[in-house]
Number of protein chains: 2
Amino acid sequence: MESKATAPEEITGMAKAPRTDWDPYAGGCPSREVLDRIGDKWTVLVLGELAESGSKRYTALRRKLDGVSEKMLTQTLRALERDGLIRRTVHPEIPPRVEYELTALGTTLREPLVALTNWSTRHMDEVLEARAAYDREKDAAAEG
Amino acid sequence: MESKATAPEEITGMAKAPRTDWDPYAGGCPSREVLDRIGDKWTVLVLGELAESGSKRYTALRRKLDGVSEKMLTQTLRALERDGLIRRTVHPEIPPRVEYELTALGTTLREPLVALTNWSTRHMDEVLEARAAYDREKDAAAEG
DNA sequence: CGGGATCCCGTGGGATACTG
DNA sequence: CAGTATCCCACGGGATCCCG
């Protein structure tokens with residue numbers, strides 16, 4: 001599970017320049033990795049929730065994200081922490097308490113992400129309708 | 001916008017109202033599906049490319065999206081077409097020519113998506129640095 | 001040229017059980 | 001409470017061949 005296999009250095013030395021021209025369309029480009037990470041099942045929801053609530057505990061997140069397993073929540077949180085998007089704070093108490101919140105970097109992701117979730121709720125009706133229309137046409141073609 | 005799809009009743013009754021309060025945090029909510037779709041490996045890149053270029057042929061898309069297989073490109077395009085985000089136009093010629101472009105609905109997705117890809121390229125350096133720092137710490141802890 | 005149909009493998013991710 | 005450790009299956013997704 002622990003592999004630093006694709007160290008950035010080996011990717012054509014891209015990571016040396018201070019200002020770079022990352023191209024997500026190019027295979028192996030780290031900026032594509034970021035899109036992929038955002039793409040995984042829980043990342044957007046975790047970030048969205050932390051953006052809204054400011055700070056949240058592990059269990060509270062688990063309750064909020066309907067259907068997430070402990071494994072996936074932990075895994076997602078770790079990945080986000082590693083990427084510098086969230087901060088994990090352990091309070092040495094009994095019982096233990098762990099708080100998660102966005103970092104400054106993570107906060108910069110807030111706008112695009114909120115825009116995205118807003119889009120998904122705002123245009124859901126149209127998407128649903130488009131699907132129904134597409135399926136109707138397809139079914140009609142299948143019978144003719 | 002004023003479209004009330006007749007379909008969504010089967011979804012646990014949460015879709016009764018025309019103006020709905022889709023909640024991506026709730027399991028089984030269609031708006032979560034949309035986030036999931038955006039999350040798959042090629043969707044964002046396809047939409048981004050069509051947004052930039054206006055219209056593109058199958059093969060041109062294939063060349064642009066480094067590493068995509070025919071199967072995945074086709075599959076992604078079909079899904080996007082079904083969701084009403086892109087339009088597929090077949091020109092009855094020999095050899096065949098097929099053009100893809102954003103629909104009006106798809107265009108509304110452009111802003112949030114562009115914002116997202118911009119973020120990924122703009123903050124790549126910081127993410128990479130955060131990763132390196134995280135790994136260094138972890139390694140140090142492992143040796144002590 | 002623009003796909004559809006198959007085959008097949010890696011891994012994303014859920015269920016369950018255990019620990020500090 | 002907040003995780004880690006396994007097991008295991010479904011499916012995402014690549015490779016290959018074929019077809020109008």
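To find a chain, count down the sequence lines: A is the first, B the second, and so on, and within it residues start at 1. Computed over heavy atoms, backbone and side chain alike; hydrogens, waters and symmetry mates excluded.
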With B for base contact, S for sugar-phosphate-only contact and - for none (protein heavy atoms under 4.0 Å), nucleotides 9-20 of chain D reads ----BBB----B
B/W119 and A/T108 side chains, donor-acceptor separation under 3.5 Å: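 The answer is yes; a qualifying pair exists.
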Quick one: [atom1] on [X] to [atom2] on [Y], what's the gap to the nearest 0.5 Å?
X: B/L113; Y: B/T107; atom1: CG; atom2: OG1; answer: 11.5 Å
X: B/I38; Y: A/L35; atom1: CD1; atom2: CG; answer: 11.5 Å
X: B/I86; Y: B/L77; atom1: CD1; atom2: CG; answer: 4.5 Å

Mind checking if B/R57 touches a base, just sugar-phosphate, or nothing, with heavy atoms under 4.0 Å?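 Answer is sugar-phosphate: B/R57 comes under 4.0 Å of backbone atoms only.
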Looking at every strand, decide which applies to B/R88 at a 4.0 Å heavy-atom threshold: base, sugar-phosphate, or nothing.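 Sugar-phosphate contact only - B/R88 comes under 4.0 Å of backbone atoms but never of a base.
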Distance check needed: [N] [atom2] versus [X] [atom1], whole Å only.
X: A/R63; N: D/dG3; atom1: CZ; atom2: P; value: 14 Å
X: B/Y100; N: C/dC1; atom1: OH; atom2: P; value: 15 Å
X: A/Y58; N: C/dG20; atom1: OH; atom2: P; value: 17 Å
X: B/L73; N: C/dG3; atom1: CG; atom2: P; value: 8 Å
X: A/D36; N: C/dG12; atom1: CG; atom2: P; value: 10 Å

For the side chain of A/T74, counting heavy atoms from C-beta on, which of D/dT4, C/dG3, D/dA2 is nearest?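 For the A/T74 side chain, the nearest candidate turns out to be D/dT4.
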Any residue of residues 43-56 of chain B with a heavy atom less than 4.0 Å from an atom of DNA chain C: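 Output list: empty, so none.
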Short side-chain N/O contact from B/R78 to OP1 or OP2 of C/dG3, under 4.0 Å: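 It does, given that an N or O in the side chain of B/R78 lies less than 4.0 Å from OP1 or OP2 of C/dG3.
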Tell me the salt bridge (Lys or Arg N to Asp or Glu O under 4.0 Å) pairs involving residues 77-86 of chain B, sequence neighbours left out?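 Pairs touching residues 77-86 of chain B that pass the test: A/R131-B/D83, A/D135-B/R82, B/R37-B/D83.
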With sequence neighbours excluded, residues passing salt bridge (charged side-chain N to carboxylate O under 4.0 Å, His left out) with B/K56: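 In terms of salt bridge (charged side-chain N to carboxylate O under 4.0 Å, His left out), with neighbours along the sequence ignored, B/K56 is linked to B/E49.
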Salt bridge (charged side-chain N to carboxylate O under 4.0 Å, His left out) involving B/E126 - partner list, sequence neighbours excluded: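 Not a single residue meets the salt bridge (charged side-chain N to carboxylate O under 4.0 Å, His left out) criterion with B/E126.
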For A/E70, enumerate each residue passing the side-chain contact (heavy atoms from CB on, under 4.5 Å) test, keeping only those at least two apart in sequence or located in another chain.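 For A/E70, the residues satisfying side-chain contact (heavy atoms from CB on, under 4.5 Å) (neighbours in sequence not counted) are A/Y58, A/R62.
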Output yes when B/R57 and B/E99 qualify as a salt bridge under the 4.0 Å nitrogen-oxygen rule, no when they do not.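 No, no charged N to carboxylate O under 4.0 Å.
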